[in-house]
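So the structure is just underneath, and the comments pick up after that.
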Amino acid sequence: MNSAVVLVSRRMAASKHFVVGVRALSTQSHAFHQSSSSSSSSSSQARNHPWMLAAALVGTATAGLTTQQQWTKLEEAAPTVTPKNNDKEQPKNGLQATSVAKTENALPQQVGEAYDQIKPDNKPPPRPDLPTYTMEEVSEHAEEDDMWFTFRGAVYNMTTFSQGHPGGFPRLMMAAGQDLEPYWNVYRQHFRGHVIEWMEKYRVGNLSPEEAEANKKVEFGDMFETDPPRSPDLLACTSRPFNGEPRIELLTNDYITPNELFYTRNHLQVPVLDPDEYRLIISGKGIKKHKFTLEQLKKFPKHEVVTTLQCAGNRREDLHDKDHKIFISPHWVIGAMSTAKWGGVKLRDVLKECGLDVDAIALGEKLPPGGVKHIQAEGYDQDETGYTYGGSFPIEKAMDGLGEVILAYEMNGEELPRDHGYPVRLLIPGHVGARQVKWLHKLRLSDKPSSKSYQCKSYRGFAPNLTFEKDLAEWPPARLDQAPIIHEQPVTSFVCNPPQNAVLGAKNASSIELKGVAWSGGGRKIERVDVSVDGGKNWQAAELFKPIDQRYNHHWAWTQFTLTVPLPEDVQEKLNKGEKVELDITSKALDSGFNVQPERMAPYWNARGVAINHWYHVKVSLDPSKNKGEIERPNLAQGYTNTPTGGKYDRAWGYGGWKLDPEHNNDPLLYTKQDHKVKNEPIPAKKGEECA
């Protein structure tokens with residue numbers, strides 16, 4: 001029996017949850033390969049995809065059933081066959097960017113020369129005071145109330161952490177009684193150093209050097225290998241699942257973000273769905289259960305809406321420093337916010353078809369039946385155990401005739417890209433991205449919010465004195481009532497141009513042009529954006545740009561801003577003397593509720609890293625020896641222009657802000673200077689970027 005099979009067979013023996021999960025994967029194996037229903041055929045073909053190896057072991061679970069029958073048997077989960085040419089290049093249209101910076105062979109952040117300076121080891125410290133266990137002994141601790149793990153020779157009893165795992169209980173149960181390294185080889189966000197430091201509190205023993213070495217031969221399949229390709233201008237914070245943000249200097253090229261630059265937030269793998277087999281199931285209190293095909297949904301009146309989406313954790317990296325640690329991924333840097341024109345059908349129209357009196361509820365003439373307060377949503381995407389992504393939102397939002405909640409099947413005039421929910425996603429304008437479920441499969445009307453960990457655990461705003469290490473790791477914390485679940489986000493803004501850490505030609509310059517974006521959740525309008533070039537000592541109101549008209553408290557889309565700021569006299573004097581000058585550029589937005597961005601993060605720091613909106617500082621240098629219009633961006637070996645506030649990480653990190661681990665640097669998304677030459681060629685300035 002090979003090592004990978006050993007990994008899976010231990011899990012099957014240890015957990016009923018995993019068996020359910022691998023059965024779900026088995027059906028995916030059948031559908032993906034369009035195989036016959038015989039167990040031998042499905043088993044053989046499943047082995048062609050490493051992450052489906054588990055499915056092959058239980059391939060007979062659904063033998064004799066058609067693909068659709070298999071999914072129906074497994075709670076009507078998603079059929080997964082090859083899509084119809086959905087990965088074709090998205091054509092440009094009038095709304096999309098007319099130019100995108102060429103970044104062929106672009107390198108990820110903090111590589112090249114900086115790579116040699118990063119020496120993490122993620123190795124547990126020697127503990128000769130602790131007993132030595134065998135892997136056979138460790139494997140006996142693989143129950144819900146008894147969970148042990150090993151990593152690089154250390155043994156941990158993490159039973160009390162079972163409900164606190166940010167990735168959810170099922171994934172933790174999947175790995176119980178085993179070594180973590182095969183799993184972390186896929187989910188490399190764990191290699192950031194502080195995770196291993198924190199785990200030492202749970203350590204109970206050691207493995208022999210021989211068994212620790214043998215664990216390195218165990219492999220865990222990669223369920224993300226069928227993910228679609230991405231633009232090199234999407235800077236990955238994590239590669240599995242993929243989470244990438246656009247270089248923010250590109251966001252002000254056009255008002256609408258082109259599809260290939262729209263930030264991508266995936267919690268799980270990107271499912272492979274056939275639009276002909278797609279089904280949306282709507283059920284719950286007060287309505288009759290309905291199933292809709294994609295064709296049936298498209299028969300409802302089409303509605304289009306321009307809205308900005310922002311991840312709840314945008315700028316999470318700002319909250320992770322020497323004094324505070326964030327134990328949830330991804331660590332977004334700054335760019336998890338984009339704007340698109342979406343097309344689809346209003347959810348209220350579909351619910352009306354299901355028998356809900358949406359007009360009477362919206363007018364207050366009736367209350368939702370059965371005490372319904374929430375609409376729960378669930379996607380087709382799932383992890384290795386069959387656990388699907390989901391969340392919920394208040395039913396009042398969907399009832400509002402002007403709320404514009406839609407089931408979207410178009411993005412910027414094209415069918416949804418796979419990364420953004422093909423063939424149908426939920427769109428809730430004004431709400432946090434996490435609630436807008438992609439690859440939408442089920443909607444339920446309920447008196448309770450979703451019980452998914454993504455709803456009830458991951459996106460809460462905890463008080464600043466609560467930490468993951470002290471309060472959240474052993475769930476639940478004492479006062480969940482003081483940690484609201486995020487739906488609408490606070491007002492925010494940031495300067496996109498000039499780029500972070502750039503050197504600007506300033507020969508005979510007397511002013512500098514600034515460009516950026518601002519947005520507020522809940523449909524609140526951006527009324528003003530103030531900008532500063534001296535770190536916030538002096539401010540000027542910028543000119544606002546919003547080429548579309550949106551109604552009062554329905555300003556779903558961002559506002560862009562620009563201003564040519566005269567350089568202070570002392571700055572001009574230094575430039576005239578031939579001296580370089582450092583500028584600290586920042587902005588603060590004011591919305592229609594007179595909410596304004598705070599200066600510092602300290603008053604609202606929270607352990608989940610959500611709702612982050614303190615001033616974002618951009619550091620640039622003015623060089624009087626360079627001609628006006630010249631922009632020298634940072635050496636790619638030192639990172640892209642997306643950085644935390646102030647232009648640098650708290651300490652030197654690896655790719656996308658994550659520490660590189662020397663034993664796991666073979667990721668095809670990672671590069672070293674030995675593999676690629678690092679270029680430092682200035683990109684010519686576009687009109688309006690230069691110093692005046």
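Bear in mind the structure is a predicted one, so any value in this text is a computation, not a measurement.
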With a 3.5 Å cut-off and no angle check, do the side chains of [X] and [Y] form a donor-acceptor pair?
X: Glu404; Y: Trp556; answer: yes
X: Thr388; Y: Lys452; answer: yes
X: Gln455; Y: Arg435; answer: yes

Determine whether more than 12 heavy atoms belonging to other residues, nucleotides or ligands lie under 6.0 Å from atom [atom1] of [X].
X: Lys546; atom1: NZ; result: yes
X: Asp481; atom1: CG; result: yes
X: Lys302; atom1: NZ; result: yes

* To do: Specify whether Phe327 and Phe468 have parallel, tilted or perpendicular ring planes, treating 30° as the upper limit for parallel and 60° as the lower limit for perpendicular.
  =>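 Ring orientation, 0 to 90° scale: parallel.
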* Asked: Shortest non-hydrogen contact from Leu416 to Met411?
  ->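 Heavy atoms only, the tightest pair is CD2-CB, 3.8 Å.
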* Presence of salt bridge, Asp227 and Arg240, under 4.0 angstrom ->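 Salt bridge absent between Arg240 and Asp227.
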Between [X] and [Y], is there a donor-acceptor pair closer than 3.5 Å when you use the side chain of the first and the backbone of the second?
X: Thr307; Y: Pro429; answer: no
X: Gln560; Y: Asp254; answer: yes
X: Glu415; Y: Tyr409; answer: no
X: Asp447; Y: Val372; answer: no
X: Asp419; Y: Val270; answer: no

* Asked: Among Val405, Ile375, Leu280, which one satisfies side chain to side chain contact (heavy atoms under 4.5 Å, CB included) with Leu426?
  ->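 Single side chain to side chain contact (heavy atoms under 4.5 Å, CB included) partner of Leu426 among Val405, Ile375, Leu280: Val405.
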